Asks: 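Structure in structure tokens, see below.
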Amino acid sequence: TGVFRIRRMKSIDWPKTVSDILLRGFTLQQIADQCGFASRGAVHDLKTGASETCSYERGCALLLMHRRATRRKLLPA
């Protein structure tokens with residue numbers, strides 16, 4: 001039997017997460033395609049706060065994309 005550490009998860013700021021990815025040059029459609037969202041509108045709803053949650057699988061994919069995207073430099077304004 002293994003011992004698992006359970007960490008208390010803090011609430012994820014989805015609007016900031018999506019905005020960070022967009023600032024690195026990705027589009028809403030690219031985020032939707034790579035993370036398994038049905039449409040770019042679903043990603044837009046997360047970004048604007050109209051939707052506060054997403055499925056576990058999409059959330060994990062979005063956090064992984066965020067981690068990879070934030071390694072990139074910001075696009076010039």
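The structure displayed is predicted, hence computed values, not measured ones.
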Asks: How close do T70 and R67 get, heavy atom to heavy atom, and via which atoms?
Replies: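 So the two residues come closest at OG1-O, 3.2 Å.
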Asks: If you draw a 6.0 Å radius around CD in Q29, do more than 12 non-hydrogen atoms from other residues or ligands fall strictly inside?
Replies: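 Yes, because the 6.0 Å sphere around CD of Q29 holds more than 12 heavy atoms from other groups.
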Asks: So among L23, V43, D13, which one has a side-chain contact (heavy atoms from CB on, under 4.5 Å) with V18?
Replies: V43
Asks: Taking a hydrophobic cluster as the set of Ile, Leu, Val, Met, Phe, Trp and Tyr residues connected by side-chain heavy atoms closer than 4.5 Å, whether directly or through intermediates, do L64 and F26 fall within one such cluster?
Replies: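 Hydrophobic grouping puts L64 apart from F26.
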Asks: Can you measure from NZ (K47) to CZ (R40) and round to the nearest 0.5 angstrom?
Replies: 13.0 Å
Asks: Within this structure, what is the CE-SG distance for the pair M65 and C60, rounded to the nearest 0.5 Å?
Replies: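 Here the interatomic distance stands at 15.0 Å.
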Asks: Under the 3.5 angstrom rule, does the side chain of R58 hit a backbone N or O of C35 as a donor-acceptor pair?
Replies: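 Flag not set: sc R58 to bb C35 has no pair under 3.5 Å.
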Asks: What's the separation between atom CG in L28 and atom NE2 in H44, rounded to the nearest 0.5 Å?
Replies: 6.5 Å
Asks: Hey, could you give me the OG1/CG distance between T17 and L22, rounded to the nearest 0.5 Å?
Replies: 11.0 Å
Asks: Please find the pair of heavy atoms, one from W14 and one from T53, that lie closest to each other, and give the distance.
Replies: NE1-CA, 4.4 Å
Asks: Does L46 form a side chain to side chain contact (heavy atoms under 4.5 Å, CB included) with L62? I'd like the steps, not just the answer.
Replies: CA-CA 11 Å; L46 277 178; L62 194 56; 4.0 Å; yes
